[in-house]
Protein chains: 2
Amino acid sequence: MEEQLDADAEVVAGPDLPSARVPLSEERIVEAALSFIDGHGLAGLTMRRLGQRLGVEAMSLYRYVPGREAMLDLVVQSMIDQLQEDAEVLRRPENGWQDFVQRLAHGVRRVALMHPRAFPLVASRPPEAPWLRPPLRNLDWVETFLAGLHQEGFDDVTCAGAYRAFTSFLLGHLLLEVANHGADVGPLDVLEDDGDPSRDGLERYPTVLRLREPLSQDHAAVEFEESLEELLERMALMLSETSSG
Amino acid sequence: MEEQLDADAEVVAGPDLPSARVPLSEERIVEAALSFIDGHGLAGLTMRRLGQRLGVEAMSLYRYVPGREAMLDLVVQSMIDQLQEDAEVLRRPENGWQDFVQRLAHGVRRVALMHPRAFPLVASRPPEAPWLRPPLRNLDWVETFLAGLHQEGFDDVTCAGAYRAFTSFLLGHLLLEVANHGADVGPLDVLEDDGDPSRDGLERYPTVLRLREPLSQDHAAVEFEESLEELLERMALMLSETSSG
DNA sequence: ACCTGAACACCGTTCAAGT
DNA sequence: ACCTGAACACCGTTCAAGT
């Protein structure tokens with residue numbers, strides 16, 4: 001839960017000026033939009049409310065941003081750029097490609113977990129090109145990924161296959177992981193417990209009922225690691241077939 | 001592409017009555033909503049437009065459906081129920097659990113490919129419980145899946161792990177596959193080619209540029225099969241550890 | 001240069017009223 | 001019983017006008 005998200009409009013200061021005089025900018029808008037989604041979900045994000053949050057009328061936003069839809073794309077970009085500022089993530093392979101792929105995977109996961117309610121945007125906005133598959137929607141990453149593998153001996157076709165395997169691994173895992181952390185919800189309502197957790201309508205589903213507890217456990221972290229290991233093994237196999245074929 | 005989706009309102013007859021007199025019903029509404037999404041994408045789906053499509057004012061819909069959001073949940077349900085009508089899919093294991101899991105996986109994939117623009121809904125609506133992870137949001141499926149594996153010797157914890165692995169495999173693959181088939185797009189606009197495909201701004205990304213072609217190829221089908229095979233192998237490993245541990 | 005008021009076309013949703 | 005007109009509160013977006 002966050003506070004500071006009420007109706008007061010004023011920007012939280014931090015080391016900023018007394019606010020109120022910081023001029024609007026694309027960056028500030030996008031930042032505010034992301035933090036709004038983090039706090040309230042995408043459904044509640046409105047140009048008018050966002051303006052209010054920035055101490056400004058909605059129409060002012062259109063000086064800096066071409067429209068709501070485009071703004072959401074910028075939000076996606078800004079999440080993605082956080083990875084780039086994370087210097088460790090985007091260095092080329094130094095201790096082998098496995099280490100390299102691991103760094104990238106964990107970097108993306110870190111972003112997803114920092115913004116569980118916004119991450120589905122990264123996943124669901126339509127990809128602009130086949131070489132920008134979600135959630136790797138950034139040419140710098142993709143270039144680094146492909147060039148890194150190539151430098152380590154993967155041929156072109158294998159690089160492409162590894163790229164596809166990597167993206168679908170990330171997408172499946174991270175989307176489900178953030179969904180469990182209470183992602184997208186429709187309007188503004190958080191899902192309410194019905195009070196009595198025993199009357200769940202599971203009478204007709206004895207196995208589900210019995211497995212309730214193991215199914216409810218959050219193994220996301222270890223499963224991410226394990227699946228990543230498997231992916232790496234699969235890639236190693238691809239690589240060895242490359243060299244010998 | 002579909003036709004029949006213009007502005008004329010009238011329902012296509014099929015073996016129906018002369019239409020115009022078929023009364024509204026939840027079923028007809030949900031069906032129309034799904035076919036609208038299939039044809040125009042989610043963004044364009046409006047209660048008013050949907051009413052128009054059914055030859056009725058928007059307000060009439062609220063007699064049969066509690067609201068737009070709830071209607072979308074019904075749309076998800078209806079897609080999911082198509083799998084249930086597909087008798088082959090939900091039979092319990094007969095030729096071993098591998099065959100069983102394969103049937104289920106292919107069934108879900110068939111639904112996804114039938115409704116590429118609607119499938120992301122199945123994936124992105126918030127799950128109601130940990131035992132309803134997208135895209136397997138149906139207690140009958142989940143029960144069948146879990147009971148099937150249990151009957152084949154998987155213990156409870158392993159069943160739960162297999163369930164999680166299965167869902168994240170399906171989600172990652174199918175979401176990316178339908179995205180490639182032109183999924184969600186923002187408003188109504190289909191993405192337009194910029195005319196000149198050589199000037200793509202890829203100058204700074206030599207590897208991406210070089211791999212354009214292998215990256216553009218659609219290997220979704222074979223990759224689905226291969227990843228599914230790997231998943232089955234992984235599950236087989238889980239099973240053997242179960243028996244011997 | 002930067003923001004706003006007023007307006008437009010469109011939403012989802014409600015409810016009393018029509019047939 | 002089933003549908004609609006009219007209305008409400010809210011959207012995104014535009015543009016001439018304010019400071």
Side-chain angles (χ1 to χ4, degrees), chain A residues 6-7 9-11 16-33 36-37 40-76 121 125 184-189, chain B residues 7 9-11 16-34 36-37 40-76 121 125 184-189:
Chain A
D6 299 314
E10 217 59 348
V11 184
D16 269 0
L17 302 185
S19 84
R21 280 307 69 189
V22 190
L24 229 38
S25 70
E26 181 187 292
E27 201 192 347
R28 272 190 68 214
I29 292 174
V30 170
E31 204 176 24
F36 190 103
I37 298 173
H40 300 333
L42 175 60
L45 177 59
T46 265
M47 297 306 270
R48 290 165 135 106
R49 279 210 265 265
L50 186 57
Q52 187 175 318
R53 193 93 107 72
L54 288 162
V56 118
E57 300 300 315
M59 318 88 197
S60 312
L61 304 175
Y62 290 85
R63 291 255 155 200
Y64 302 90
V65 131
R68 184 178 189 267
E69 219 56 22
M71 185 181 74
L72 292 181
D73 283 332
L74 292 172
V75 167
V76 168
L121 272 179
R125 305 241 102 199
D184 206 6
V185 184
L188 281 181
D189 38 10
Chain B
E10 219 56 350
V11 185
D16 268 0
L17 302 187
S19 84
R21 281 308 69 190
V22 189
L24 228 38
S25 70
E26 180 187 293
E27 200 191 348
R28 272 188 72 213
I29 293 174
V30 170
E31 203 175 26
L34 176 54
F36 190 104
I37 298 173
H40 300 333
L42 174 61
L45 177 59
T46 264
M47 297 306 270
R48 290 164 135 106
R49 280 211 264 266
L50 186 57
Q52 186 174 319
R53 193 95 108 70
L54 288 162
V56 118
E57 302 299 317
M59 317 89 198
S60 311
L61 303 175
Y62 290 86
R63 290 258 152 198
Y64 302 90
V65 132
R68 184 178 188 265
E69 220 56 20
M71 184 181 73
L72 292 181
D73 283 334
L74 292 172
V75 168
V76 168
L121 272 179
R125 305 242 104 200
D184 206 6
V185 185
L188 280 182
D189 39 10

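Since the structure is predicted, the reported quantities are computational estimates derived from the model, not experimental observations. In what follows, every chain begins at residue 1, and chains take the letters A, B, ... in the order their sequences are listed.
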For atom CG of B:Leu42 and atom C1' of C:dG12, their distance in whole Å:
15 Å
From C:dC3, D:dT13, D:dC2, nucleotide with atom closest to B:Arg63 side chain
D:dC2
Roughly how far, to the nearest 0.5 Å, is the CG atom of B:Leu50 from the CD1 atom of B:Ile37?
9.0 Å
Report the distance from atom CZ of A:Arg53 to atom CZ of A:Arg49, rounding to the nearest 0.5 Å.
10.5 Å
Over how many whole Å does the gap from B:Leu72 atom CG to C:dG12 atom P extend?
10 Å
For A:Leu54 and C:dT4, what is the distance between atoms CG and P respectively, to the nearest whole Å?
11 Å
Over all strands shown, is B:Arg68 touching base, sugar-phosphate only, or nothing at heavy-atom distances under 4.0 angstrom?
sugar-phosphate
So A:Met47, base contact, sugar-phosphate only, or nothing? Heavy-atom distance under 4.0 Å.
sugar-phosphate
Closest of C:dA17, C:dT13, C:dC11 to the B:Tyr62 side chain is C:dT13
Would you tell me if any nitrogen or oxygen in the side chain of B:Arg49 comes within less than 4.0 Å of OP1 or OP2 on C:dC11?
yes
Whole-Å distance between D:dG12 P and A:Gln52 CD?
12 Å
Give one of base, sugar-phosphate or nothing for B:Ser60, where a contact means two heavy atoms less than 4.0 Å apart.
base
Using atom CD of B:Glu26 as one end and atom P of D:dC2 as the other, report the distance to the nearest whole Å.
14 Å
Take the protein atom CD1 of A:Ile29 and the nucleotide atom P of C:dC3, then report the distance between them rounded to whole Å.
9 Å
Hey, does the side chain of B:Arg68 reach the backbone of B:Met47 with a donor-acceptor pair shorter than 3.5 angstrom?
no
From OH of A:Tyr64 over to P of D:dT13, roughly how many Å is that when rounded to an integer?
18 Å
On DNA chain C, check which nucleotide each of A:Arg48 and A:Leu61 is closest to and give me the residue with the more 5' one.
A:Leu61
Rounded at 0.5 Å granularity, tell me how far CZ in A:Arg28 sits from CG in A:Leu61.
10.5 Å
B:Arg63 side, atom CZ; B:Ile29 side, atom CD1 - distance, nearest 0.5 Å
11.5 Å
A:Glu57 CD to D:dT14 C1': how many Å, rounded?
15 Å
Let's test this: given Watson-Crick or G-U wobble pairing with both distances under 3.5 Å, identify the partner of D:dA1.
C:dT19
Looking at C:dA7, which nucleotide sits across from it as a Watson-Crick or G-U wobble partner, both distances under 3.5 angstrom, or is there none?
D:dT13
